[in-house]
Amino acid sequence: MKKVHIIPHMHWDREWYFSTEESRILLVNNMAEIFEVLEGNPDYPCFLLDGQTAILEDYLAVKPQDKDRIKKLVQAGRLLIGPWYTQTDEMIVGGESIVRNLLYGRKDCEAFGEAMKIGYLPDSFGQSAQMPQILNGFDIKHFIFWRGASERLGTDKTEFYWESDEGSKVLVQLLPLGYAIGKYLPVEEEALRTRMNKYFPVLDKGSTNGSVILPNGHDQMPIQRNIFNCLDILRGMYPDREFVLSSYMDSFADLPPCLPTVQGEMLDGKYMRVHRSIFSSRMDIKAANTRVENKIVDILEPLAVIAYSLGFEYHHGLIELIWKEVLKNHAHDSIGCCCSDKVHQEIMNRFVLAEEKIDRLIDFYKRKITDAIATDRNEDILTAFNLLSYERLDTINAVVTTKETAFILEDENGFEVPFELVEKVSLDPGLVDRQLVHYENYEPFWQYHIQFTAAIPAMGYKAFFIVPQEKEMEAVITEPDCIETDYYHIKVNANGTLTIFDKDIGIELENVLLLETSGDDGDEYDYSPVLNEEPYIHNNACASFVMTENRYEAQINIKVKIPLPKDLQDRENYISSVITEVDWNITIPFDKPIINVAGNIKNNAKDYRLRTYIPSKIAAAVSVSDNQFGSIKRSVLDPAFLSWEEEGWDERPDSIYPMLSYVSLCNDSYTVSALTNSIREYEIVGAESDTIALTLLRSVGYLGKENLVRRPGRPSGIKLPTPDSQMIGQLKIEFAVSTKKGTQNTGKLAKECRSRIETYNKIPYNAMKLNASVQQTPHCFSLLQETEPSANVLSTVKKAEKEEGLILRIYNPTEKEVVSSFILKTKYKDIFLCQLNENIICPLEMKENTISICIKPNQVQTILIK
């Protein structure tokens with residue numbers, strides 16, 4: 001007999017077109033009814049609380065007295081919770097974010113009982129190819145999702161194994177019609193029969209054993225009180241089927257042992273929408289997420305580990321608060337930015353709050369370490385922190401605050417370190433220490449932006465002394481006609497683009513940073529081109545520029561003005577009535593082959609998309625970009641693009657893709673890459689498929705719209721005006737361009753670009769007073785060091801959650817196995833290979849304070865150092 005598993009659940013968007021506070025009110029109401037049914041009816045087996053513990057956090061903030069009731073139901077297997085903290089997006093949030101989402105979700109579950117051992121993500125907009133590996137790292141072997149699958153991945157069945165590149169595997173049950181087909185089941189026979197006759201053919205077609213899943217729940221839906229009446233009617237209606245109130249774990253138990261295996265990311269919009277261009281909605285929020293994620297992982301946590309290794313407290317509680325603030329924004333609707341304006345304001349406020357917490361904790365750790373440096377000298381100190389696992393000889397940008405009109409830098413041995421003054425700015429003393437002004441001391445301070453080159457130890461720091469001098473310092477800035485480095489010859493064109501000649505490769509790239517605009521008749525979910533309109537390439541844009549350089553780097557400031565229609569109506573009438581300005585602040589270091597770009601966009605137009613081009617002269621078949629703990633190759637043209645309408649896809653499969661930190665085009669001779677610390681959407685364009693198009697912003701005015709060119713039919717979401725999503729105003733973005741002869745390990749380069757050397761300036765004044773430290777720290781320190789920098793990438797270093805030890809996480813983004821070896825510079829006793837959940841797998845051998853580990857392509861490994 002065919003079994004129908006009816007799964008009672010409540011899908012809980014904390015926010016969407018409604019606010020978190022509105023959903024919390026409904027949550028309090030719904031939880032009362034869930035308690036009533038579960039506690040009052042022993043025949044009602046269990047209820048799924050949407051796989052995320054943020055629901056419990058929101059509820060218990062209002063009803064803390066119900067914690068024991070929840071605990072009792074969880075331990076009895078009646079209320080199913082976890083394993084996530086929030087229902088994460090998988091496409092545009094980083095690997096560490098997804099790991100922490102599971103880490104904190106599982107931790108929250110421990111207060112109540114066991115977490116559900118299913119990677120339940122019923123509504124995320126596509127599935128990352130690395131998800132099986134991440135789930136296995138938390139002992140999760142089962143996965144349930146809806147969006148992104150189609151038969152071209154290797155099976156037309158809804159039950160299959162899904163394997164990541166390095167061999168991790170999960171057993172999947174796909175929800176082919178979504179998580180809500182059993183919502184509000186009617187007790188009227190004809191209505192119930194009509195619905196089931198619509199769904200059963202689709203469910204039966206995908207089933208491998210005749211059993212099917214009927215999820216009984218929906219967004220914010222209260223528990224269905226009359227579900228047993230529905231069961232009685234269904235049993236009478238379909239005597240050849242067995243209807244049971246069930247759980248997903250029970251439905252997995254019914255599956256046959258031999259099932260097909262598939263690999264790769266799930267980003268097909270054939271049977272359900274995945275919204276391939278949602279990666280650029282509300283680019284201000286997307287950029288804030290990228291910046292905040294990277295600050296935690298690349299700066300805060302390694303810095304906290306250095307401080308912890310020197311005897312200071314690792315503030316787990318403060319860091320968890322930061323992570324949870326960020327993870328609330330990683331729910332699929334929230335970070336997708338397909339919400340109302342008031343919700344987007346709340347999302348951005350969380351990022352603002354999280355970034356303030358991060359910045360202040362970073363400053364605190366730098367200060368604690370620097371203040372404790374043991375020295376007999378009285379001069380101010382400048383400390384430079386290298387948060388990578390190898391020594392860096394690099395150009396350091398630092399700000400020195402002092403009353404002195406001149407100074408030199410000396411290392412601990414008294415040797416002078418040459419530097420160059422970039423800028424000198426007067427600073428009000430009240431901003432340094434308000435007590436100075438309180439006692440009527442109005443003598444100004446000076447802030448000096450300086451640059452110098454120094455070798456900074458791996459995962460450590462080096463201190464320099466600021467020695468006063470009498471001779472006043474001056475910045476030495478010249479204005480060249482073009483930029484000449486050991487790597488590049490660069491000139492600026494009349495339209496505000498760059499011509500870059502790579503001396504090593506011998507190629508010239510023209511019109512780098514060329515701007516493209518196109519009408520956008522879409523919504524917050526998807527870009528939709530205007531009918532009969534081709535994208536406009538601004539070859540004749542009006543631009544001005546200023547070019548300067550010193551001994552360490554060159555600066556190019558370009559202002560580009562592009563006339564645009566102010567809205568769709570002006571676009572239809574071919575009227576360009578407003579000006580959008582793009583200011584490029586470009587930095588070209590003389591000591592490395594990279595071009596850093598900071599963009600400030602002053603947008604005055606509506607209903608359009610703005611992109612910039614990075615040409616490569618590589619006729620590419622595939623692009624390479626990164627996903628969580630690895631890299632992925634994608635076709636520059638999705639083969640289904642030519643047949644999607646004939647095949648009845650839910651949305652057109654444009655080759656618009658997400659990245660986390662880079663995208664590259666390469667051939668046998670060289671590589672051209674775009675690296676990002678903000679935007680995370682790209683497409684490969686051009687007649688030869690040789691140009692990287694980075695989306696800078698999308699300007700739209702509705703949460704959802706119907707009948708889009710690339711997404712026919714009903715609206716996604718609801719047709720709610722969202723004027724803030726027109727992105728009128730200023731947007732700041734940050735990315736870089738790099739070229740390299742041969743194949744480039746762009747993942748490694750992207751990590752270096754994000755992990756710039758941090759500095760801290762100790763002076764006798766500070767508005768926030770601290771008592772003298774009982775710890776003493778050395779002038780120079782290194783926690784660990786790679787014996788040789790390998791192709792593997794350090795994901796992060798952090799303190800273990802439950803051990804007095806360190807977690808070192810490394811991944812391999814290349815196509816070959818790579819060995820990494822580390823020398824431990826401080827005394828640690830035991831080394832273990834761990835899972836992502838930090839549970840120990842086995843001991844690792846250490847020889848003469850050196851540990852080595854071999855990592856497969858696209859594999860992430862975690863080491864516990866106790």
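These values consider heavy atoms only, across backbone and side chains, with no hydrogens, waters or symmetry-generated copies.
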Nearest heavy-atom contact between S623 and V636 is N-CG1, 4.0 Å

_Closest heavy-atom pair and its distance - I456, F385_ =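 Minimum heavy-atom contact is CG2-C, 4.3 Å.
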
Using a strict cut-off of less than 4.0 Å between a Lys/Arg side-chain nitrogen and an Asp/Glu carboxylate oxygen, indicate whether [X] and [Y] qualify as a salt bridge.
| X | Y | result |
| --- | --- | --- |
| E57 | K324 | yes |
| E320 | R100 | no |
| D123 | R147 | yes |
| E786 | K748 | yes |
| K856 | D165 | no |
| R634 | E265 | yes |
| D298 | R756 | no |
| K799 | E804 | yes |
| R809 | E96 | yes |
| K295 | E355 | yes |
| E838 | K798 | yes |
| E815 | K633 | yes |
| R106 | E801 | no |

Does some side-chain heavy atom of [Y] sit less than 4.5 Å from a side-chain heavy atom of [X]?
| X | Y | result |
| --- | --- | --- |
| K366 | Y461 | no |
| V170 | V172 | yes |
| P122 | Q87 | yes |
| D626 | P813 | no |
| C834 | I863 | no |
| V93 | V326 | no |

Exercise. Is there a donor in the side chain of S820 and an acceptor in the side chain of S790, or the other way round, less than 3.5 Å apart?
Worked result: yes

Note to self: Tell me whether Q263 at atom CD has more than 12 heavy atoms from other residues, nucleotides or ligands lying less than 6.0 Å away.
What the structure shows: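 Above 12, so yes.
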
### Message
Could you check whether atom NZ of K107 has more than 12 heavy atoms from other residues, nucleotides or ligands sitting under 6.0 Å from it?
### Response
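At most 12 heavy atoms, drawn from other residues, nucleotides or ligands, come within 6.0 Å of this atom.
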
- prompt: Should the ring pair H330 and F351 be called parallel, tilted or perpendicular, given that the plane angle runs from 0 to 90° and is split at 30 and 60?
  reply: tilted

Review point. What class does the angle between the rings of Y682 and Y657 fall in, given that below 30° is parallel, 30 to 60° is tilted and above 60° is perpendicular?
Key: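 Geometry flag for Y657 against Y682: tilted rings.
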
Exactly one candidate in L267, I335, D333 meets side-chain contact (heavy atoms from CB on, under 4.5 Å) with F125; the answer is D333

Evaluate R680 against M91 for side chain to side chain contact (heavy atoms under 4.5 Å, CB included), listing each step before the verdict.
CA-CA 9 Å; R680 283 182 169 173; M91 292 289 115; over 6 Å; no

